[in-house]
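In what follows, every chain begins at residue 1, and chains take the letters A, B, ... in the order their sequences are listed. Computation of the quantities below employed the complete heavy-atom set of this structure, encompassing side-chain atoms and omitting hydrogens, waters and symmetry-equivalent molecules.
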Amino acid sequence: VLFGAALVFQDVTRFRLMDEVKTNHVSTVSHELRIPVSSIRMGLHLLLEERIGALNPKQLELLLAARRRLRERLLRMINDLLDLARLESGQTRRQFEFYFDLPAVNKGAKA
Amino acid sequence: MSDRILIVDDERNVRLNLRTALETEGYEVVEASSGQEGLRSLAEHLIALAILDIRMPGMDGLKLLAKMRENEIRVPAMIVTAHSDVPNAVKAMKLGAIDFLQKPLRPDNLRSIVAEILKRHGGQNELPSETFSAHIDAAKRCLNLRAFGKARLHLAKALELNAKSAEAFNLAGVLAEVLEDYDKAKKYYGQAIKLNKNYEPAQQNMRRLFEVDHFGSSEEPVNLGGK
């Protein structure tokens, strides 16, 4: 009967580095995407408020649809990507909302 | 004559949006694509308000603001930022910029904050009236002008007139933050919340300090209240 053990060491530094690069890339891409998207959104607001000129019904319909698509898909996707980048980098601060109810805390402390 | 507003932002689209939102409100707009160009515009034109992007290549918004103050240019400044991080916010507040606008911008938000700042600085040569809101406005103006001692006096007077004002305590918290006394800032924000637990500006400022303490940074901008 033969007894033995095999130990396999694998250097994963490269993979870890690649993972880090990916996380940074996701974060950079999301931020870079958010700048033009925010700009487009404000442009849409300015057109829709009709202070620079009235829109005809077709123009209005097209712009409203564009705004909806922007809000529902693109912005959500970018925010998801940003959340992912934050989770991966350990910055998970926006997982919950803080609400300071100091009067209630004081009441509780006195009770 | 309409007020002239300077926009300093390296993004052409952002400048176009800001210009359109402000021109439709009747303001005259001057654009600059960099901090250096902004400084030149401030020397060439009579500017009522400067809107500065905090992140720009070369001379960024904070450096421009520091340069303005160094050159005794006392034009009020508003900071536009994609994410308001506290070290930058505190630096900006020390340089007299207490008004922050966070991206994504909305035309109505921009117009209302611009109108408030211009109103705050429009009547500064008039004799101050002894009402609560006059002292609150004067305190904000003094914060803009970095007259922190005077700001404190106006807040004390406002609190004499209304000792139960969440807005005055919130502003006292902002002043304490400018002076880097974060414990006092928390105490004042806490007092504002105690007086009115649904007062969002104090909630937001407290949240920001809490997040900085626990996570090292925050995306909450400084909230002066009263808008």
Side-chain angles (χ1 to χ4, degrees), chain A residues 27-55 63 66-67 70-72 74-79 81-83 85-110, chain B residues 9-26 53 55 80-83 85 101-111 166 186-187 189-200 202-220:
Chain A
S27 174
T28 311
V29 166
S30 325
H31 278 297
E32 290 300 317
L33 265 175
R34 203 153 69 156
I35 296 168
V37 168
S38 301
S39 215
I40 294 168
R41 198 159 87 143
M42 180 147 173
L44 281 172
H45 274 297
L46 286 164
L47 288 169
L48 285 166
E49 66 179 11
E50 297 187 301
R51 284 176 68 163
I52 43 174
L55 298 165
L63 288 176
R67 187 172 71 172
L70 197 69
R71 194 161 40 200
E72 285 173 3
L74 204 50
L75 277 174
R76 197 190 305 158
M77 189 188 82
I78 293 169
N79 287 334
L81 279 173
L82 280 171
D83 281 344
R86 279 194 200 114
L87 276 169
E88 289 195 338
S89 63
Q91 293 176 285
T92 52
R93 59 174 171 251
R94 301 297 280 171
Q95 297 305 295
F96 41 86
E97 276 286 313
F98 302 105
Y99 179 79
F100 294 89
D101 193 346
L102 298 181
V105 172
N106 287 342
K107 219 181 273 173
K110 278 179 198 155
Chain B
D9 199 307
D10 58 318
E11 293 279 333
R12 195 159 57 95
N13 290 342
V14 175
R15 293 200 306 272
L16 176 65
N17 281 334
L18 294 175
R19 170 191 277 279
T20 309
L22 294 170
E23 281 182 343
T24 46
E25 193 76 356
D53 184 14
R55 283 173 196 231
V80 177
T81 169
H83 27 84
D85 48 315
L101 199 56
Q102 214 170 356
K103 289 178 186 168
L105 306 174
R106 283 180 60 105
D108 42 357
N109 286 353
L110 171 74
R111 290 179 189 127
K186 280 179 205 158
K187 204 175 106 191
Y189 293 143
Q191 187 64 27
I193 294 167
K194 206 169 155 189
L195 289 162
N196 177 0
K197 71 174 184 174
N198 295 317
Y199 186 62
E200 183 49 31
Q203 285 282 351
Q204 189 179 318
N205 288 328
M206 190 69 123
R207 220 158 34 223
R208 195 185 61 257
L209 288 182
F210 182 87
E211 289 182 357
V212 171
D213 277 353
H214 291 83
F215 307 118
S217 65
S218 170
E219 295 198 341
E220 299 277 2

Taking side chain as everything from C-beta outward and backbone as N, CA, C, O, which of these in [X] sits under 4.5 Å from a heavy atom of chain A? Side chain, backbone, both or neither.
X	result
E11(B)	side chain
N198(B)	both
L195(B)	neither

* Verify the neighbour count for atom CZ of R51(A): are there more than 12 heavy atoms of other residues, nucleotides or ligands below 6.0 Å? => yes

What donor-acceptor contacts under 3.5 angstrom involve side-chain atoms of residues 35-45 of chain A, with partners at least two apart or in another chain?
residue	atom	partner	partner atom	Å
S38(A)	OG	R34(A)	O	2.7
S39(A)	OG	N17(B)	ND2	3.3

* With respect to chain A, which residue among Q204(B), R111(B), K194(B) yields the maximal number of heavy-atom pairs within a distance under 4.5 Å? -> R111(B)

* Does the salt bridge (charged side-chain N to carboxylate O under 4.0 Å, His left out) test come out yes or no for E49(A) and R106(B), once each step is laid out? -> CA-CA 11 Å; E49(A) 66 179 11; R106(B) 283 180 60 105; over 6 Å; no

* I52(A): side-chain contact (heavy atoms from CB on, under 4.5 Å) partners, not counting sequence neighbours -> L47(A), T20(B), T24(B)

